[in-house]
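Sequence lines set the chain letters: A, B, ... in the order given, protein chains first and strands last, and positions in each chain run from 1.
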Amino acid sequence: MAEDKTSEGDHPGEQPRDFIRSRVAEDVAAGKHGGEVHTRFPPEPNGFLHIGHAKAITINFSIAAEFGGVCNLRFDDTNPAREDPKYAAAIEEDLAWLGFSWGDNLFHASDYFEQLYQYALQLVEKGLAYVDDLSAEETREYRGTVNAAGRKSPFRERSVEENLDLFRRMRAGEFSDGARTLRAKIDMASPNMNLRDPAIYRIRKVTHQRSGDEWPIYPMYDFAHGLSDSIEGITHSLCSLEFENHRPLYDWFLDKLGVFHPQQIEFARLNLSFTVLSKRYLTQLVDEGLVDGWDDPRMPTLAGLRRRGYTPEAVRSFLAGIGVAKFNSTVELVLLENALRVELNKTAPRRMAVLDPLKVVIDNWPAGEVDFLTAINNPEDESAGTRTVPFSGELYIEQGDFKADPPKKFWRLAPGNEVRLRYAFYIKCTSFETDPETGDVTLVHATYDPETRGGDSPDGRKIKATLHWVSAEHSFEADVRNFDHLFQTPNPMAGDDKTKFKELLNPDSLGLKTGCKLEPGLAEAQPGERYQFERLGYYCVDTRLSAPQAPVFNRAVALRDSWAKVQARG
RNA sequence: UACCCCAUGGUGUAAUUGGCAACACAUCUGGUUUUGGUCCAGACAUUCCAGGUUCAAGUCCUGGUGGGGUAACCA
């Protein structure tokens with residue numbers, strides 16, 4: 001079944017025709033590049049992938065697959081100062097988890113350092129690039145502003161011979177960090193800032209994670225990226241909107257060098273409510289210990305979502321649902337959550353767990369007797385079968401399922417009221433005890449109807465509420481984490497002050513509940529397994545915090561709760 | 001104040017390229033139900049504004065308005 005889902009959507013025609021697919025289809029129809037489609041996903045190994053990256057990944061891999069092509073994985077490792085192989089490993093793991101494969105097409109921009117250097121040499125020879133001695137600060141000054149043209153560097157008119165000599169010496173390591181750069185000679189007055197003689201190479205005597213100390217100079221993104229695309233024969237370079245202004249430069253390098261010319265197409269990146277989708281800000285949360293690492297289940301990273309209990313199918317289904325466009329939008333988080341609910345409703349076995357226990361004593365239950373009842377594992381999937389759960393005279397139910405003074409429309413347990421215990425018996429509340437100090441209900445007394453075993457009554461009397469429960473003596477205690485939104489506001493990045501977002505973190509996002517009472521079979525639950533706790537939500541056994549016979553559960557997503565809505569309305 | 005891009009229900013996307021505005025989620029109503037879950041039925045938009053072309057405009061043209069991006073030797 002999982003196979004069906006993975007291959008779904010990988011066939012042309014099943015995906016909605018967004019503007020990118022339309023353009024690619026046109027190119028294929030026109031026989032461009034022999035009708036071939038070849039894409040790539042080019043992450044920089046300097047952080048973990050998040051759901052926003054998953055959008056870019058899905059676009060690149062799915063479009064390639066739909067048109068019978070392949071998608072390369074290429075690490076854009078041109079800045080060794082801030083990159084780390086540990087991130088590359090995590091990225092590969094996330095990609096594989098999502099269900100995409102790149103086969104043998106795993107590349108690194110650093111694979112092309114020599115060829116890129118040769119390309120740069122060609123530009124110098126053509127008089128299209130020059131070595132500049134201006135400092136970083138001077139360069140900024142000379143560049144001008146969006147409203148004022150820049151000025152030409154005094155080193156702009158060096159001869160080809162001198163530039164060649166200087167650039168070769170840069171490569172030989174003769175100059176110190178930042179002493180010179182190689183710049184493209186384009187137009188210091190261009191209204192597009194990217195065209196004001198952008199840097200192509202900078203001097204950085206930093207050991208590279210793959211090429212070691214072979215290179216004292218490293219190419220800049222605009223130069224390395226487009227030419228890497230070209231070297232790999234990428235036909236469609238699909239990236240996010242902020243690179244739109246870079247496309248003229250992307251094209252310029254390829255045109256001037258006369259090499260294979262991929263088409264860059266930009267789409268809007270994903271924004272999700274109640275979270276942040278920027279590697280820079282997520283890195284701050286991790287580094288400052290505001291979350292428990294990149295795979296904290298509250299994080300929108302793929303590692304976090306995975307640990308929380310999301311499935312790759314749910315993530316892909318969500319991504320397919322939101323489409324692809326150029327409009328800068330914010331998708332409601334509930335859409336992601338719903339995608340997971342839809343899948344888990346069909347696949348997750350049901351279990352009973354009481355998170356906020358309240359003890360119920362069945363006063364007419366035969367002392368010491370234990371009954372074993374049959375419970376359906378998944379009403380949506382008959383093949384999931386049934387299981388047996390023990391029932392006794394002392395039970396736990398949810399505190400919220402009893403009210404001494406029930407409000408209107410409250411159908412659950414209350415003095416004199418009868419409810420059904422799922423798969424067990426009807427019980428009627430006879431009395432309750434309270435804590436004299438706090439007034440909290442501490443114990444509920446009830447009687448059961450022996451005729452209702454299994455949850456049906458021979459007289460067919462209607463019962464409005466069905467409660468989940470566990471037998472006190474048979475249950476075991478566990479920690480359950482009822483996660484809430486990482487941020488308190490739908491758009492933490494709204495204000496002008498982008499440093500403010502950390503103040504908007506939701507202090508209650510962890511939702512830790514200890515001493516929860518779970519049905520006995522759950523003690524065997526294995527890390528990564530997902531269950532529906534009846535009437536509560538979908539939970540996943542944490543892969544880090546669980547121990548044998550001591551699972552810790554993460555709430556992946558809550559069930560819809562229409563009673564909560566009624567209550568909220570008053 | 002320069003350049004580039006964008007604008008369709010509450011949210012995100014469609015609309016066979018000029019022909020009855022569709023789908024999902026959300027919200028609200030009702031029904032079914034041994035999960036207040038699932039499922040089923042119904043409700044919810046004069047397509048940013050103003051002109052123009054046309055028998056016909058979400059779609060084409062002109063002009064506004066609003067939003068996003070851009071001034072790293074980051075990617």
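- A donor-acceptor contact under 3.5 Å is formed by the side chain of A:Gln532 with the base of B:U35.
- For B:G68, neither phosphate oxygen OP1 nor OP2 lies less than 4.0 angstrom from any side-chain nitrogen or oxygen of A:Arg269.
- In this structure, CG of A:Asn328 is placed 13 Å from P of B:G67, rounded to the nearest angstrom.
- Between A:Thr330 and B:G12 there is no side-chain N or O to OP1 or OP2 distance below 4.0 Å.
- Taking every side-chain heavy atom of A:Pro191 into account, B:C3 is the closest of B:C5, B:C3, B:C74.
- In this structure, A:Phe391 has its ring center under 6.0 Å from that of A:Phe425.
- Closest approach to the A:His246 side chain among B:A26, B:U35, B:A75 is made by B:A75 (side chain taken as heavy atoms from C-beta onward).
- The residue A:Tyr201 sits apart from the nucleic acid: no heavy atom pair falls under 4.0 Å.
- Nearest to the side-chain atoms of A:Lys326 among the listed nucleotides B:U13, B:C6, B:A75 stands B:C6.
- Distances shown here put every side-chain N or O of A:Arg280 at or beyond 4.0 Å from the OP1 or OP2 atom of B:C74.
- Distance, A:Asp561 CG to B:G36 C1': 7 Å, rounded to whole Å.
- A:Thr181 comes within contact range of at least one nucleobase, with a heavy-atom separation under 4.0 Å.
- Judged by distance alone, with hydrogens and angles left aside, A:Asn147 brings a side-chain donor or acceptor within reach of the base of B:U1, the pair sitting under 3.5 Å.
- Stacking between A:Tyr221 and B:A75 is absent: the ring centroid is not both under 5.5 Å from the six-membered base ring centre and under 30° in plane angle.
- Using a 4.0 Å heavy-atom distance criterion, A:Tyr218 is classed as making no nucleic acid contact.
- Counting distance only, with no hydrogens placed and no angle test, the side-chain atoms of A:Glu244 and the base atoms of B:G68 include no donor-acceptor pair under 3.5 Å.
- A donor N or O paired with an acceptor N or O is not found under 3.5 Å between the base of B:G36 and the side-chain atoms of A:Arg535.
- Under the 90° criterion around 0 for the glycosidic angle, B:A72 counts as syn.
- Among the protein residues, A:Thr78 comes within range of the sugar-phosphate backbone only, with heavy atoms under 4.0 Å from sugar or phosphate atoms but none that close to a base.
- For A:Glu332, taking side-chain heavy atoms from C-beta onward, the closest of the listed nucleotides B:U11, B:G37, B:C4 is B:U11.
- Using a 4.0 Å heavy-atom cutoff across all strands shown, A:Asp456 reaches at least one base atom of the nucleic acid.
- Base orientation of B:U17: syn (glycosidic angle within 90° of 0).
- Contacts of A:Glu44 with the nucleic acid, taken as non-hydrogen atoms under 4.0 Å apart, involve only primed sugar atoms and P, OP1 or OP2.
- Closest to the side chain of A:Lys565, from the set B:A7, B:U27, B:A75, is B:U27.
- At a threshold of 4.0 angstrom between heavy atoms, the contacts of A:Val146 include nucleobase atoms, whether or not backbone atoms are also involved.
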